[in-house]
Asker: 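Take this structure first; my questions come after.
As the structure is a computational prediction, the values presented were derived from the model and not from experiment. Below, chains carry the letters A, B, ... as their sequence lines are ordered, and counting in each starts from 1.
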Amino acid sequence: MIQVQLPDGTLLEEEDHVTALDVAAGISDGLKRATVAASIADNVVDAMRPLAELTDLRPVPLQLLTSRDAPAATVMRHSCAHVMARAIMRLYEGVGLAFGPVKGNTFYYDFDLATPIREDDFPRIEAEMKKIVKEKEPFERFTMNRDESIQLCSDLSQKLKIEHIETGLSDHESLSFYRQGEFVDLCRGPHIPHAGMIKAFKVLSVAGSHWKGDVSNPSLQRVYGTAFFDKKQLKAYLQQLEEAKKRDHRVLGNRLQLFTISPDVGQGLCLWLPKGATIRATLEEFIKAELLRRSYDPVYSPHIGRVELYETSGHFPYYRDSQFAPLFSHSAGQLVDYWIRCLDPEDADLTPPTDEEERKLLDAALVLGFSVEDFPVSGSANEKRDVLRMWEKRQERYLLKPMNCPHHVQMYKAIPRSYRDLPVRLAEFGTVYRHEQSGELNGLLRVRGLTQDDAHQFCTPEQVEQEFKDTLGLVKYVLDAVGLEDYRVQLSTKDPGSDKYVGSDELWQNAQETLRKVLTEEGLDYIETPGEAAFYGPKTDFMVKDCLGREWQLGTVQLDYNLPERFELEYIGTDNKPHRPVMIHRAPFGSMERFVGVLIEHFAGAFPLWLAPEQIRVLPLSEKSDDYAKDVASRLRQEGFRVGTDLQSARVQAKIRDAQLELIPYMLVVGPREAEQNAVAVRCRIDGDLGVMGFDDALTRLKKERDDRTIRQVVKSEFVAVDDGTGELAEY
RNA sequence: GCUAGCGUAGCUCAAUUGGCAGAGCUCCGGUUUUGUAAACCGGAGGUUGUGGGUUCGAGUCCCACCGCUAGCUCCA
């Protein structure tokens, strides 16, 4: 016998092989039908497995999970992924199974399949899934040892599963499989008792992916779907998705004329239209004022810098692929540069030229005016490379700056520094250019030209902690000012297994420890992500979600022990000897582009008074009141408001409708009555008609709301489309 | 960059099997002089992303390029 304890404390005596389903059946038939999975000490498990196998705890702390419990949906969606895979295997020949986890409200399954799956095929797939669900076949779990498992996968022609057993699961003695009719899949589970519990589902999209996320691995087809316990929920979810698309910053940016991106200018290069530019400028003024209070010094630096500068910093070699090509003053520059890379054994993408190709390269270079004393035509690749490099070094080469730090470092170096000067804080809205992959570009959220609200703080090692703490405070301050509360803090640390990082382990350990300490002291809940650090140091990132639930990095604070080393930065200490400062890179907004993009979605285009491009619009009742309207507008402008007037010959209803649709915070309706008593009829975008008030009263009210930076409405995102962390666990 | 899909007026979208490119909004002109989410009439606006091809005939079919979207990969 085995003792089972239910959440309400009830103790049950059950047979040795009792399952959660049996326990449910013992309570009521209805509960048995409703039981989707079980939870034992917060572990979600199969309801159809004997409890004794699942835990050593006695009594077994059992919680039955029904469709009302959130973890149950994850189990059901994972089972639905199996159902989808089964349907696809029925419809296509030679389907190789990869992974099929749950991600938030959705699930996907990766397939190795030569025939492309198209959107047109979704109805067919869904119809087949419906058949499977209707049959209500059970999910049956069984286990095998390694050899048997490999044999089984081999019999099923599932090569990827075999590879996974041999590599990813090399430490597993026993492996579990789930069978559902003819469909058998290596899978950790858990699953729902039978397919009939999937009440509503939809195949959403198909996209490419790679086996185990590695581009050098074969590409797979990833089919996304979603599933719910009832049709209404599915419908609501799909509707919510549609709603979310309406506040997409690309849609609103176009409708509200905030920005535009023209292919004629270039991919990922955004053009700030006056209204968007006003929002940006307002934010810039806001943070400039705060930086002044925090003893930052403003600086300016040019948009280009010598390639050598970035070679010294390490950015050029490390990020070359995502930078715009260097600008050479010599016509042969690009050619020689290409040639050098061909001769570089480290460059995996390019192979050394053949003799024939090399002759052509040399001829072309000569035509372009390349000249060296004696080019080692019959020399080794290394000799040639050295000669070409010598030539290249003599040329002027510039890079569109991908980072501001090297420029700021030079500013630090321009003046001898004493410990008394530190911390030195150099701030600049620095515009940088990065050649992001075309498939990555996304409205304002991922662009090729961006302006960081950047600053570099140079301090003594002893000051790092306080400086880092103050900077976190600044990031929180700016997020607070716009009412962004729904963010996640991420501490990105070094991946101990990788060699991409610079600096000693000890330095990294100390730096990471400092960051952890300060984050904890500041009461910030954070998630540590090993391997996400910059190559020069650990960082703290503030992550927010866009309208489709995708996560983006906004503010960032990064520690850097590397650049001071590379540029040999110094300050004179109390001992009258040179010491090395520490650098902090930080950008509370991140980039103006991304921040404004996120804000557009955060406010669904309806900006609070202090940020709205047009804060107030004065609406004369008819042409008779045009002059008074102009007068009111002009007086408000004197008070620093951004004011428009609507002098169309239209009814006031139409003018109001236009202003509402343009999401203007306040409308002032003025007619003869108002003109007579120096009054305005105030209409608020949110609350509607507020009635007539004297001009001065209205002004006081508006000024207060603006100067307090009052936020009256933000969009709360309810739906979860990103990985909630439970997904990958569901798959072996 | 990769996989898949998409590209018709400034915007949102129509255009049967390949058979005369169309509507609403915006915009412009006129009438109207208006009290809290659309007054009325008229007009303009297009080499259907670009370039080739198939065809008597292409918005529609094929190829290449450009761009966009989703996902993957990348992200200083």
Asker: Regarding A/His585 and A/Asp560, is there a side-chain donor-to-acceptor distance under 3.5 Å anywhere?
Answerer: yes
Asker: Could you work out which one of B/rC74, B/rU36, B/rG35 sits closest to the side chain of A/Pro672?
Answerer: B/rG35
Asker: Looking only at atom P, what distance separates B/rC75 and B/rU54, rounded to whole Å?
Answerer: 47 Å
Asker: To the nearest angstrom, how far is A/Leu663 atom CG from B/rA37 atom C1'?
Answerer: 12 Å
Asker: Can you find a donor-acceptor N/O pair under 3.5 angstrom joining the side chain of A/Ser219 to the base of B/rU3?
Answerer: no
Asker: Please state the P separation for the pair B/rC40 and B/rC63 - nearest whole angstrom.
Answerer: 49 Å
Asker: Indicate every side-chain donor-acceptor pair of residues 255-270 of chain A with a distance under 3.5 Å to a residue at least two apart or in another chain.
Answerer:
from     : atom 1 : to       : atom 2 : distance (Å)
A/Arg255 : NH1    : A/Leu661 : O      : 2.8
A/Ser262 : OG     : A/Asp264 : N      : 3.0

Asker: For nucleotides 64-72 of chain B, give me one character per nucleotide, 5' to 3': B if any protein heavy atom sits under 4.0 Å from the base, S if the only such contacts are to the sugar-phosphate, - if neither.
Answerer: ---SSSSBB
Asker: Using a cut-off of strictly less than 4.0 Å, decide whether A/Lys539 has a side-chain nitrogen or oxygen near OP1 or OP2 of B/rA76.
Answerer: yes
Asker: What pairs of residues pass the salt bridge (charged side-chain N to carboxylate O under 4.0 Å, His left out) test when at least one of them lies in residues 663-679 of chain A, not counting sequence neighbours?
Answerer: none
Asker: For B/rA44 and B/rC25, measure between their C1' atoms and round to the nearest Å.
Answerer: 15 Å
Asker: OH of A/Tyr319 versus C1' of B/rC75: gap in Å, rounded?
Answerer: 8 Å
Asker: Please give the distance between the C1' atoms of B/rU69 and B/rU36 as a whole number of Å.
Answerer: 40 Å
Asker: Choose from B/rU36, B/rC11, B/rA76 the nucleotide whose nearest atom is closest to any side-chain atom of A/Val652.
Answerer: B/rU36
Asker: Does A/Glu674 contact B/rG35 through a side-chain donor or acceptor facing the base, at a distance under 3.5 Å?
Answerer: yes
Asker: Determine whether A/Arg247 and A/Phe603 make a side-chain contact, defined as any pair of heavy atoms from C-beta on separated by less than 4.5 Å.
Answerer: no
Asker: Given atom CZ of A/Arg594 and atom P of B/rA76, what is their separation to the nearest angstrom?
Answerer: 10 Å
Asker: Output yes when a side-chain donor or acceptor of A/Thr106 lies under 3.5 Å from a complementary backbone atom of A/Lys103, and no otherwise.
Answerer: yes
Asker: Would you please indicate if the ring centroids of A/Tyr109 and A/Phe111 are separated by under 6.0 Å?
Answerer: yes
Asker: Suppose you measure atom C1' in B/rG30 against the same atom in B/rC11; what distance do you get, rounded to whole Å?
Answerer: 25 Å
Asker: When all nucleic acid strands are considered with a 4.0 Å heavy-atom cut-off, which category describes A/Gln221: base, sugar-phosphate, or nothing?
Answerer: nothing
Asker: Would you kindly say whether A/Thr167 and A/Lys212 are connected by a side-chain donor-acceptor distance under 3.5 Å?
Answerer: yes
Asker: Using atom P in both nucleotides, what's the gap between B/rU34 and B/rG24 to the nearest angstrom?
Answerer: 29 Å
Asker: Which of residues 583-592 of chain A have a heavy atom under 4.0 Å from RNA chain B?
Answerer: none
Asker: Under 3.5 Å, is there any donor-acceptor pair linking the side chain of A/Arg651 to the base of B/rC40?
Answerer: no
Asker: Take the protein atom NZ of A/Lys655 and the nucleotide atom C1' of B/rU26, then report the distance between them rounded to whole Å.
Answerer: 18 Å
Asker: Apply side-chain hydrogen bond (donor to acceptor under 3.5 Å, both in side chains) to residues A/Gln713 and A/Arg685 and explain how you reach the verdict.
Answerer: CA-CA 11 Å; A/Gln713 227 176 35; A/Arg685 186 187 61 78; 3.1 Å; yes
Asker: Between the base of B/rA76 and the side chain of A/Ser313, is there any donor-acceptor pair under 3.5 Å?
Answerer: no
Asker: Of all the nucleotides listed (B/rC74, B/rA37, B/rG35), which has the minimum atom distance to the side chain of A/Arg673?
Answerer: B/rG35
Asker: Which residue, A/Val432, A/Leu400, A/Leu399, forms the side-chain contact (heavy atoms from CB on, under 4.5 Å) with A/Gln323?
Answerer: A/Leu399
Asker: Rounded to whole angstrom, note down the C1' distance from B/rU48 over to B/rG22.
Answerer: 12 Å
Asker: For A/Lys401 and A/Ser301, which I'm curious about, is there any donor-acceptor pair between the side chains at under 3.5 Å?
Answerer: yes
Asker: Could you state the CZ-C1' distance from A/Arg683 to B/rG35, rounded to the nearest angstrom?
Answerer: 12 Å
Asker: Under the side chain to side chain donor-acceptor pair (under 3.5 Å) rule, collect the residues that match up with A/Lys275, sequence neighbours excluded.
Answerer: none
Asker: Please determine, for the side chain of A/Ser649, which listed nucleotide (B/rU36, B/rA37, B/rU34) has the closest atom?
Answerer: B/rU34
Asker: Pick from A/Phe107, A/Phe122, A/Tyr108: which one makes a ring pair (Phe, Tyr, Trp, His ring centres under 6.0 Å) with A/Tyr224?
Answerer: A/Tyr108
Asker: If I pick the C1' atom on B/rG18 and the same atom on B/rU55, what distance separates them, to the nearest angstrom?
Answerer: 9 Å
Asker: Among side-chain atoms of A/Thr556 and A/Asp541, is any donor-acceptor pair under 3.5 angstrom?
Answerer: yes
Asker: Does B/rA76 have A/Tyr318 stacked on its base, where the ring centres are within less than 5.5 Å and the planes differ by under 30°?
Answerer: no
Asker: Once you round it to whole Å, what is the distance between P of B/rA76 and CG of A/Asn404?
Answerer: 15 Å
Asker: Testing the 3.5 Å rule here: is there a donor-acceptor pair between the side chains of A/Asp546 and A/Trp552?
Answerer: yes
Asker: B/rC75 P sits how many Å from A/Gln553 CD, rounded?
Answerer: 12 Å
Asker: Look at A/Arg118 and B/rG5 and indicate whether a side-chain polar atom (N or O) is within less than 4.0 Å of OP1 or OP2.
Answerer: yes
Asker: Could you tell me how far apart A/Arg657 (CZ) and B/rC25 (C1') are, to the nearest whole angstrom?
Answerer: 9 Å
Asker: Short of 4.0 Å, heavy atom to strand atom, which residues of residues 617-625 of chain A count as contacting RNA chain B?
Answerer: A/Leu621, A/Ser622, A/Glu623, A/Lys624
